[in-house]
Amino acid sequence: MKTSRIFILASALFGLCSGLVSCDLTSETKSTFDESVVFSNKTLAEYNVLSIYEVFGHTNSHRGRYLTYYGHNTDIEVYLQDLEANQNSAKPQISKYNITVNNTELNRKDGPYNELFIGIERANLAISGLRKYGNIESDSEMAALYGEALVARALLYTELMKAYGEVPARFEPIAPETIYVNKADRDVIFKQLLSDLEEAAPLLSWPLKSEATQETTRPSRAFALGLYARLALVATGWAQRPDDGKVGTGNEGSVRKSVDPMFAEPTELYTKALGYLQDIIDHAGLSLYSDYEALWKDFNNMVTKAGKEVIYALPMSHEGDGRGRWNYTYAIRAEGGSAFFTEKADQSKGGAVGPVPTMFWRYGKHDQRRDVSVVNFHTTPAGSADRQALSGGEKWYFGKYRFYWMTTKPYSGGNDDGCKPVYMRYSDILLMAAEIANELGDLVSAKKYLKEVRTRAYRGYESEAEAYVNAISSKDQMFNAIVDERALEFLGEMLRKSDLIRWNLLETKIEETRTEMQALSDRSGKFADIASNVYCKYSPDGLTITDFWGYEHGQTEAPEGDGWKPYLDSQGSAPSNYFSMSEKKMNSFYFSAYSPNQRQWWPIPEVSIIDAQGALVNDYGF
């Protein structure tokens, strides 16, 4: 079923009203069909459920604002564009923890905050309609649509809360008396979402077990249970919160944990979440790709068939539509005019965000994820083809995302690439299970889950992975191993910021990384035996780099043999220190005005505050 064929109830478009836009809900609404007809008919009900996801493809929603700006800067991912921009420049403001309520990229009526609430209102209408008219107690197909609507609403709220912190709690269709409401304590929302996911999961099929779960762009039971575990970890973790009872009062707040017994004493919640993760492991039929590169080649070719490693991918509009700016933002930099742009766009694409330069050395030499995830070259036009070229010590790119891997549907070179961002993978299930088992005191199980992820990474060198995991002997060691493993496994997938916040490591890890980058720039400490310059070899046609020299420890002398090309700067000279970084690069993680812990969230945008008629208030000094 394609999401382009949708009948949206007029009231889903009419209100939005999370305190978003002024509107009059007392007038009579009109729709193609009466609600009782729509939600008693499987086809029409499905159209309405599918319409929930349509907001992801809107120009200034997930497509071009949320996904392109959320998740950096962290200890592993950093914004590369506008490096020289000042603190008042809109784009780096978002990444560098200095965002304002009137930031011109996000302060829009059609921006992510309002658009996510449009989707939530559509979900609320679908949930309400299916409860009233869908015969969900005896019709399994209608029950599955009801479960999907619950999961879709939980997904939208997850996205809202990880960016904005506290937001209004809306779990019923908007009525005149609920047009304007203030933010709610996040614990209230977490409890509702966890309850919804528990209700939804049994109504949904496992991947490939129904027509609706053939593709990863629609939720399966595995995704519902995995999202439950993800939310359980976030809800019980650290976060910047207003003082208790002070949400929506302009309170400065602090970084703390919940005081709600359900989350403050989470043994029962963790036990349940671990059980759900084990249910996925035992019954979902999922597995890790043995070849990490093959996983990402499939991503670039928009393989969304369920039943493999990817559990859920964000649907960027309907099949065949090229919406979305994922590779456009995150792929290896491609200079304008590249031959693999079908329309030969003059503008350079990709490389707006990249790995922190030191990430290369956090991977083990035999970790197959390293050369897939973090690369130090870009592509540049060379006649009718493209040539790979070293990028210099400051510019590193996410190798998971490559325009030249997009062979099934080549990238046009326009503003959309059609890639479906990976939202949850089976490796996340295993690492969440390891983390929760460790919190419950079961180190043996935690090691088992971690080992599966680690051994895949060290394919061909499995004994190294096994030795690493077997050496873990305490809860603290396991926690630190999971913190490290999630960085290596999910680099460039924008999960890290949320992880660091819930671990209370956001500022700590960024500061550790700044120190590490200084050592690389100085070639001191553990980087003392890194080369002053790097070299590469090319394929016979001179287009593809086939080997590198100077990145591994101890490769300090020029390489022997023929065919090696040294890196030369724009003046045609070999640098005295390839990895030397500018002061701007060293300080690129955040502006000095605020620390990351003072600006963990984006503010609710000014346009939404104004339209809320005084009912909606930002906290944290915004």
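Here the structure is a predicted model, which means the values were calculated and not measured.
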> Under 3.5 Å, is there a donor-acceptor pair linking the side chains of Thr407 and Asn301?
Replying inline: yes
>> Would Arg186 pass as a cation-pi partner of Phe190, given that its NZ or CZ must be under 6.0 Å from the six-membered ring centre and within 45 degrees of the axis?
In response: no
> Would a 4.5 Å heavy-atom cut-off, applied to side chains only, mark Leu450 and Met478 as touching?
Replying inline: yes
> Sequence neighbours excluded, which residues qualify as ring-ring contact (aromatic ring centres under 6.0 Å, His included) partners of Tyr270?
Replying inline: none
> Can Thr455 and Glu462 be counted as having a side-chain donor-acceptor contact under 3.5 angstrom?
Replying inline: no
>> Before you tell me yes or no, could you show the steps for Val310 and Lys420 under side-chain contact (heavy atoms from CB on, under 4.5 Å), namely the whole-Å CA-CA distance, both residues' side-chain angles and the distance that decides it to 0.1 Å?
In response: CA-CA 11 Å; Val310 176; Lys420 310 292 190 288; over 6 Å; no
> How are the rings of Tyr53 and Phe56 set relative to one another: parallel (under 30°), tilted (30 to 60°) or perpendicular (over 60°)?
Replying inline: parallel
> Has the side chain of Tyr157 got a donor or acceptor atom that lies under 3.5 Å from a matching backbone atom of Arg170?
Replying inline: yes
> Are side-chain heavy atoms of Leu197 and Leu150 found at a separation under 4.5 Å?
Replying inline: no
> Is it true that a side-chain atom of Tyr66 and a backbone atom of Glu159 form a donor plus acceptor pair closer than 3.5 Å?
Replying inline: yes
> About how many Å separate CG of Leu277 and NZ of Lys272, when rounded to the nearest 0.5 Å?
Replying inline: 13.5 Å
> Which heavy atom of Glu166 sits nearest a heavy atom of Pro242, and at what distance?
Replying inline: OE2-CD, 3.2 Å
> Can you tell me how far CE of Met161 sits from CD1 of Ile189, rounded to the nearest 0.5 angstrom?
Replying inline: 4.5 Å
> Of Val151, Leu194, Leu193, which is the lone residue that meets side chain to side chain contact (heavy atoms under 4.5 Å, CB included) with Tyr228?
Replying inline: Leu194
> Which atom pair, heavy atoms only, marks the closest approach of Arg63 to Thr68?
Replying inline: O-CG2, 3.9 Å
>> Using a 6.0 Å cut-off, check whether atom CD of Glu199 has over 12 heavy atoms from anything other than its own residue.
In response: yes
>> So, taking the atom named OG1 in Thr74 and the one named CG in Leu506, what distance separates them when rounded to the nearest 0.5 Å?
In response: 8.0 Å
> With respect to Asp499, which candidate in Arg502, Lys497, Arg496 satisfies the salt bridge (Lys or Arg N to Asp or Glu O under 4.0 Å) definition?
Replying inline: Arg502
> Is there a donor in the side chain of Arg362 and an acceptor in the side chain of Thr513, or the other way round, less than 3.5 Å apart?
Replying inline: yes
> Is it true that the side chains of Gln278 and Tyr449 contain a donor and an acceptor less than 3.5 Å apart?
Replying inline: yes
>> If you define the side chain from C-beta out and look only at heavy atoms, does anything of Leu130 sit under 4.5 Å from Glu148?
In response: no
> So, the side chain of Asn300 versus the backbone of Arg402: is there a donor-acceptor pair under 3.5 Å, distance only?
Replying inline: yes
>> Parallel, tilted or perpendicular, judged at 30° and 60°: which one describes the rings of Tyr423 and Tyr312?
In response: perpendicular
>> Would you compute the distance between atom CG of Leu505 and atom CG of Asn597 and round it to the nearest 0.5 angstrom?
In response: 9.5 Å
>> Do Asn48 and Arg122 make a side-chain contact, defined as non-hydrogen atoms from C-beta onward lying under 4.5 Å apart?
In response: no
>> Strictly distance-based, threshold 3.5 Å: is any side-chain N or O of Glu493 a donor or acceptor partner for the main-chain N or O of Val422?
In response: no
> Crowded around Tyr468 OH? As in, over 12 foreign heavy atoms under 6.0 Å?
Replying inline: yes
> Glu115 side chain to Ser61 main-chain N or O, any donor-acceptor pair under 3.5 Å?
Replying inline: no
>> Hydrogens and angles aside, do Tyr276 and Glu198 bring a side-chain donor and acceptor to less than 3.5 Å of each other?
In response: yes
> Taking it one step at a time, do Met406 and Cys419 satisfy side-chain contact (heavy atoms from CB on, under 4.5 Å)?
Replying inline: CA-CA 9 Å; Met406 297 176 71; Cys419 292; 3.9 Å; yes
> Should Lys42 and Glu46 count as an ion pair when the cut-off is N to O under 4.0 Å?
Replying inline: yes
> Does the distance from a Lys or Arg side-chain N to an Asp or Glu carboxylate O, for Glu211 and Arg218, drop under 4.0 Å?
Replying inline: no
>> Are the side chains of Lys297 and Val303 in contact, using a 4.5 Å heavy-atom criterion?
In response: no
>> Any non-hydrogen side-chain atom of Arg230 less than 4.5 Å from a side-chain atom of Asp428?
In response: yes
> What pairs with Asp196 under salt bridge (Lys or Arg N to Asp or Glu O under 4.0 Å), at least two apart in sequence or on another chain?
Replying inline: Arg153
>> Show the nearest heavy-atom pair for residues Ala144 and Leu204, with the distance to one decimal.
In response: O-CD2, 3.4 Å
> Do the two ring centres, one from Trp601 and one from Tyr164, sit under 6.0 Å apart?
Replying inline: no
> Are side-chain heavy atoms of Met359 and Asp75 found at a separation under 4.5 Å?
Replying inline: no
> Looking only at side chains, do Asp371 and Gln368 share a donor and an acceptor under 3.5 Å apart?
Replying inline: no
>> Please evaluate residues Leu155 and Phe223 with respect to the criterion side-chain contact (heavy atoms from CB on, under 4.5 Å), reporting the C-alpha separation (whole Å), side-chain torsions for both, the decisive distance (0.1 Å), and the verdict.
In response: CA-CA 10 Å; Leu155 168 64; Phe223 179 60; 4.3 Å; yes
> Do Ser254 and Gln240 touch side chain to side chain, with heavy atoms closer than 4.5 Å?
Replying inline: no
> What is the minimum heavy-atom distance between Gly119 and Val55, and which atoms define it?
Replying inline: N-CG1, 3.8 Å
> Is it true that a side-chain atom of Tyr292 and a backbone atom of Glu489 form a donor plus acceptor pair closer than 3.5 Å?
Replying inline: yes
>> Parallel, tilted or perpendicular, judged at 30° and 60°: which one describes the rings of Phe398 and Tyr401?
In response: perpendicular
> For Tyr289, does its backbone N or O pair with a side-chain atom of Arg456 as donor and acceptor, under 3.5 Å?
Replying inline: yes
> Looking at Ala306 and Thr213, what are the two nearest heavy atoms and their distance?
Replying inline: CB-O, 3.4 Å
>> Apply side-chain contact (heavy atoms from CB on, under 4.5 Å) to residues Tyr363 and Arg369 and explain how you reach the verdict.
In response: CA-CA 8 Å; Tyr363 290 93; Arg369 296 172 298 192; 3.7 Å; yes
> Does Asn438 use its side chain to pair, donor to acceptor, with the backbone of Leu443 at less than 3.5 Å?
Replying inline: no
> side chain to side chain contact (heavy atoms under 4.5 Å, CB included) with Asn41: which residues, sequence neighbours excluded?
Replying inline: Thr43, Leu44
> So how far is it from Leu495 CG to Arg486 CZ, rounded to the nearest 0.5 Å?
Replying inline: 6.0 Å
> At their closest point, which heavy atom of Leu227 faces which heavy atom of Ala154, and how far apart are they?
Replying inline: CD2-CB, 4.0 Å
>> Treating Trp296 as the side-chain partner and Trp405 as the backbone partner, does any N or O pair qualify as donor plus acceptor under 3.5 Å?
In response: no
> Between Gln214 and Leu208, is there a donor-acceptor pair closer than 3.5 Å when you use the side chain of the first and the backbone of the second?
Replying inline: yes
> Quick one: CZ on Arg221 to CG on Asp279, what's the gap to the nearest 0.5 Å?
Replying inline: 7.0 Å
